[in-house]
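Reviewing the structure listed below.
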Protein chains: 2
Amino acid sequence: MKLTSKGRYAVMALVDLARFDNINPVSLRDISLRQGISLDYLEQIFSKLKKNEIVKSIRGTQGGYVLNKNPNDIKLTNIFHAVDEKVKTVQCKKESKKGCNGKSTKCITHNLWDELEIHINTFFENKSLKDLLNNNKEKRV
Amino acid sequence: MKLTSKGRYAVMALVDLARFDNINPVSLRDISLRQGISLDYLEQIFSKLKKNEIVKSIRGTQGGYVLNKNPNDIKLTNIFHAVDEKVKTVQCKKESKKGCNGKSTKCITHNLWDELEIHINTFFENKSLKDLLNNNKEKRV
DNA sequence: ACATACCTGACTAAAATGGTCAAGTTTAGA
DNA sequence: TCTAAACTTGACCATTTTAGTCAGGTATGT
Ligand code: FES
Ligand code: FES
């Protein structure tokens, strides 16, 4: 089970953004330099964050991105959902009655993985961008 | 974040094994048929489970595998560790002082991922094979 | 005008995944 | 003793996913 870079970078970039967007929009170039993330990759990520209304974009010189919501209302779940970082512990299709083995009932561990998925998602639902900001106050410029 | 087949199959196979090993050793062929898992793949998995002393093997005709411990003492952690299904949420090396971005300090989200890792591992530490057996009693033959 | 910064889509090298295949060795039971 | 069941080991491989890169755009403040 591992977290992918896409999810990790998305959160990292948003924390950075949240720290600096008080006055001006923040350019991806700045985030790229500060956090050591490829600019081209960041653009892919922010395209999705924008589609999901987590950030707003401002084009042109001095442009950049700004949060579209209160940091308290941006949960990790929202971020992960936006960049398609999904938690998948079962192999079967959840809606179907069929199991992962092609049989007509769910496998003997299905419930376990379902529990696990809920357990992990709970973590993401309870963490907001605000929580992460408080954690890093001392680093604020 | 997804669970790999190796980990999922390992647990699935052990639950199956635990249910049937009361009297005789259970052959991988039986597990393969009952659970719909490739026999060759199971062999790889059980080789690791054996090395980690979770199961014992009995060779020859009528041979098979038997649990090497009480189901209550086999936690998911042990199983996952045995088959190298590890939870990895950070990108950096934990021991190092360096961050995932090549910089000299940990990145701004490092602590978050660390928390997440602990959160997930806690789930695995608290679940034993015994718990899974009880859950499936009604299916016992 | 022009530099800055967003926007979009195609492309790809490398790694991980989820197995298969081949060639054994051991042992119970006929 | 012969044979088939079942464990043992290691190499191999197709496909998918990941983690980006690259090459073009378009919008806009100064
Ligand atoms: S994981 Fe859902 S049936 Fe096996
Ligand atoms: S994840 Fe550890 S430094 Fe970024």
Side-chain angles (χ1 to χ4, degrees), chain A residues 1-10 12-13 17 20-21 24-52 54-66 68 80 83-89 91 100-102, chain B residues 1-10 12-13 17 20-21 24-52 54-66 68 80 83-89 91 100-102:
Chain A
M1 302 212 72
K2 58 184 155 196
L3 191 65
T4 66
S5 289
K6 192 164 272 184
R8 197 183 295 109
Y9 287 165
M12 216 185 280
L17 177 57
F20 288 95
D21 82 340
N24 301 312
V26 180
S27 75
L28 294 190
R29 193 171 152 279
D30 287 353
I31 297 180
S32 167
L33 290 173
R34 277 196 294 260
Q35 305 304 329
I37 306 170
S38 145
L39 175 58
D40 285 314
Y41 203 21
L42 272 180
E43 278 172 347
Q44 283 183 40
I45 293 170
F46 273 76
S47 157
K48 298 188 179 194
L49 292 175
K50 188 189 170 188
K51 272 188 196 127
N52 284 265
I54 291 172
V55 297
K56 274 186 301 196
S57 69
I58 294 153
R59 302 184 68 153
T61 317
Q62 302 300 323
Y65 286 93
V66 184
N68 198 16
F80 279 1
V83 298
D84 306 311
E85 170 85 48
K86 38 186 172 264
V87 176
K88 182 169 184 189
T89 55
Q91 185 148 44
C100 56
N101 39 23
Chain B
M1 305 212 70
K2 58 186 158 198
L3 191 65
T4 67
S5 288
K6 193 164 271 187
R8 196 183 295 109
Y9 286 166
M12 217 185 281
L17 177 57
F20 288 95
D21 82 340
N24 302 312
V26 181
S27 74
L28 293 189
R29 192 171 152 278
D30 286 353
I31 297 179
S32 166
L33 290 174
R34 277 195 295 260
Q35 305 304 330
I37 305 171
S38 145
L39 176 58
D40 285 315
Y41 203 20
L42 273 179
E43 280 171 346
Q44 283 183 41
I45 293 170
F46 272 77
S47 157
K48 298 188 178 192
L49 292 175
K50 188 187 170 188
K51 271 187 197 127
N52 284 266
I54 291 171
V55 297
K56 274 185 301 195
S57 70
I58 294 152
R59 303 185 69 156
T61 318
Q62 301 301 323
Y65 286 92
V66 184
N68 199 16
F80 278 2
V83 299
D84 305 312
E85 169 86 48
K86 39 186 169 264
V87 176
K88 181 170 184 189
T89 56
Q91 186 148 44
C100 55
N101 39 25

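Just so it is clear: chains get the letters A, B, ... in the order the sequence lines come, proteins before strands, and each one is counted from 1. Since the model is a prediction, treat every value here as computed from it, not as a measurement.
Of the listed nucleotides (dG19(C), dA4(D), dG24(C)), dG19(C) has the atom at the smallest distance from the side chain of Tyr41(B). Picking from dC6(C), dG20(D), dC7(D) the nucleotide with the shortest atom distance to the side chain of Ser57(B) gives dC7(D).
When the side-chain nitrogen and oxygen atoms of Thr61(B) are compared with OP1 and OP2 of dT26(C), none of them lie within a distance under 4.0 Å. For the pair Tyr65(B) and dA6(D), the criterion of a side-chain N or O lying under 4.0 Å from OP1 or OP2 is not met.
If you find the closest nucleotide of DNA chain D to Ser5(A) and to Gln62(A), the one lying nearer the 5' end belongs to Ser5(A). Taking for each of Leu39(A) and Lys2(B) the nucleotide of DNA chain D with the nearest heavy atom, the 5'-most of the two is the partner of Lys2(B).
If you check distances only, the side chain of Glu43(A) never reaches the base of dT21(D) with a donor-acceptor pair under 3.5 Å. A donor and an acceptor atom never sit less than 3.5 Å apart when one is taken from the side chain of Arg59(B) and the other from the base of dT8(D).
Of the possible donor and acceptor atoms, none in the side chain of Ser57(B) sits under 3.5 Å from a partner among the backbone N and O of Tyr65(B).
Considering only heavy atoms from C-beta on, Asn24(A) stays 4.5 Å or farther from Gln62(A) through its side chain. With a 4.5 Å cut-off on side-chain heavy atoms, Phe20(A) and Asp30(A) do not count as touching. Looking at Leu17(B) and Phe46(B), their side chains come closer than 4.5 Å, going by heavy atoms from C-beta outward.
Between the CD1 atom of Ile45(A) and the C1' atom of dC6(C) there is a distance of 15 Å, given to the nearest Å.
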